[in-house]
Structures are given as C-alpha cells and as structure tokens.
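Okay, so here's the structure we're looking at.
FYI, the numbering just counts along the sequence from 1.
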Amino acid sequence: MANHYASDYNQKPLHMAAYGNAWTEDYEFTGAPAAADKVYLGIIPAGTRVQALTLQHPAAGASTEAKLGFEPAEGDDPAAEDGYWLPAATDVAAAGVKVSAAAPITFNKPVKLVLTAAGATFTSGTWRVIVTGKVIGVR
C-alpha cells in the first residue's frame with residue numbers, strides 16, 4: 001500500500017477569514033458581583049469589527065439579571081452602550097449560554113467590555129464571554 005499526497009499538501013496558507021484577519025477573544029471573570037456592580041472583562045481593541053458574542057454563565061441565583069455592553073476605554077468616544085449585546089433584564093438565574101442578537105459593530109477606538117449585574121447579589125461563579133469578529137483596521 002502506498003501513500004499519496006496532493007501536490008500542495010502541507011503548503012496551503014492558513015486563512016482564518018477572507019483575508020486572514022479573524023479575531024476572537026475569551027474574557028473571563030470569577031466572583032460574585034452585587035446588584036448594580038460592573039464587571040470589566042477586558043478591552044476590545046481599536047480596528048475590530050465584532051460580529052458575534054456569547055456569554056457562558058453559572059447559575060447566579062434567584063432574581064438575578066445582567067446586561068452586557070461596552071464603554072469607551074479612553075475619553076468618551078464611542079458613546080457607552082451598556083446593554084448593546086445583551087439588554088437589561090437578561091435572566092441569568094440558571095446556568096446557561098446567551099448568544100447576542102445584536103448587529104455587528106466596528107470600533108475605531110478601544111472599548112471596555114462590561115457586564116452589569118442587576119437584581120440580587122450573584123452567587124460566586126465563573127463568567128465567560130467569547131467575542132468573535134475580524135480586524136479591519138482603524139478608519
């Protein structure tokens with residue numbers, strides 16, 4: 001039995017998106033925020049177009065809600081939208097996964113990814129946010 005290889009076997013460039021510019025980041029926080037607390041999960045860099053966002057969360061406890069959005073990392077541009085990806089009153093009482101239905105958004109300046117707690121104090125657990133998009137450069 002012989003082994004056969006395509007002429008370009010192991011020679012193809014790795015393209016993660018149309019132009020090799022795919023971007024994804026996992027953000028994580030472990031703790032128990034109280035109502036109205038903000039959890040700053042990380043920075044989304046300038047020149048990034050966010051196309052999808054997923055929140056993986058533990059059971060936060062009865063009467064708990066959260067919203068997920070962004071604030072400018074520097075100054076006041078772009079304007080903060082604290083519920084852009086997940087609006088206020090998103091139920092997080094039971095463990096689960098929430099997938100944002102928000103439209104893709106491009107950031108020409110860096111922004112902070114912010115989870116805001118609401119309702120009762122959360123039970124301690126690990127919160128993960130997976131952000132997917134592409135790097136398009138600052139315009």
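The line from OG1 of T132 to CZ of R49 is 13.5 Å long, rounded to the nearest 0.5 Å. Interatomic distance, L86 CG to L68 CG, rounded to the nearest 0.5 Å: 5.0 Å. A distance of 10.0 Å separates CD of E25 from CG of L113, quoted to the nearest 0.5 Å. The OH atom of Y84 sits 4.0 Å away from the CD1 atom of I105 when rounded to the nearest 0.5 Å. Remark: N21 CG to T48 OG1 distance equals 10.0 Å, nearest 0.5 Å. Between the NZ atom in K38 and the NZ atom in K67 there is a gap of 8.0 Å [rounded to 0.5 Å].
Counting heavy atoms from C-beta on, the side chains of T126 and E28 come closer than 4.5 Å. Contact of the T106 side chain with the N108 side chain is registered, since non-hydrogen atoms from C-beta on lie closer than 4.5 Å. Looking at heavy atoms from C-beta onward, L53 lies in side-chain contact with V129 at the 4.5 angstrom threshold. When side chains are defined from C-beta on, V131 counts as touching W23, because their heavy atoms get closer than 4.5 Å. In this structure the side chain of Q51 reaches within 4.5 angstrom of the side chain of K134, judged on heavy atoms. Between T123 and P58, the closest side-chain pair of non-hydrogen atoms is not below 4.5 Å.
Following chains of ILVMFWY side-chain contacts shorter than 4.5 Å, one can reach V135 starting from I44, so the two form part of one hydrophobic cluster. The same ILVMFWY cluster, assembled from side-chain heavy atoms under 4.5 Å apart, contains both L55 and F122. Residue I43 is not grouped with residue L41 when hydrophobic side chains (ILVMFWY) are merged at heavy-atom distances under 4.5 angstrom, including chains of intermediate members.
Heavy atoms only, all atoms of each residue included: T121 and A32 are closest at CG2-O, 4.2 Å. Taking both residues in full, the closest heavy atoms of A35 and G119 are given as CB-O, 2.7 Å, listed atom of the first, atom of the second, then distance. The minimum heavy-atom distance between G75 and P72, with the atom names listed, is O-CG, 3.5 Å. Heavy atoms only, all atoms of each residue included: A117 and A34 are closest at CB-O, 3.3 Å.
Scanning for ring-ring contact (aromatic ring centres under 6.0 Å, His included) contacts around F107 gives F70, with sequence neighbours left out.
Remark: the backbone N or O of W127 is not paired with any side-chain donor or acceptor of Y27 at under 3.5 angstrom.
Residue D77 qualifies as enclosed at atom CG: its count of foreign heavy atoms under 6.0 Å is above 12.
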*Do V50 and W85 pass the side-chain contact (heavy atoms from CB on, under 4.5 Å) test, and can you show the C-alpha distance, the side-chain angles, and the key distance before you say yes or no?*
CA-CA 10 Å; V50 175; W85 289 292; 4.0 Å; yes

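For residues 89-103, the side chain to side chain donor-acceptor pair (under 3.5 Å) pairs, not counting sequence neighbours, are H57-K98.
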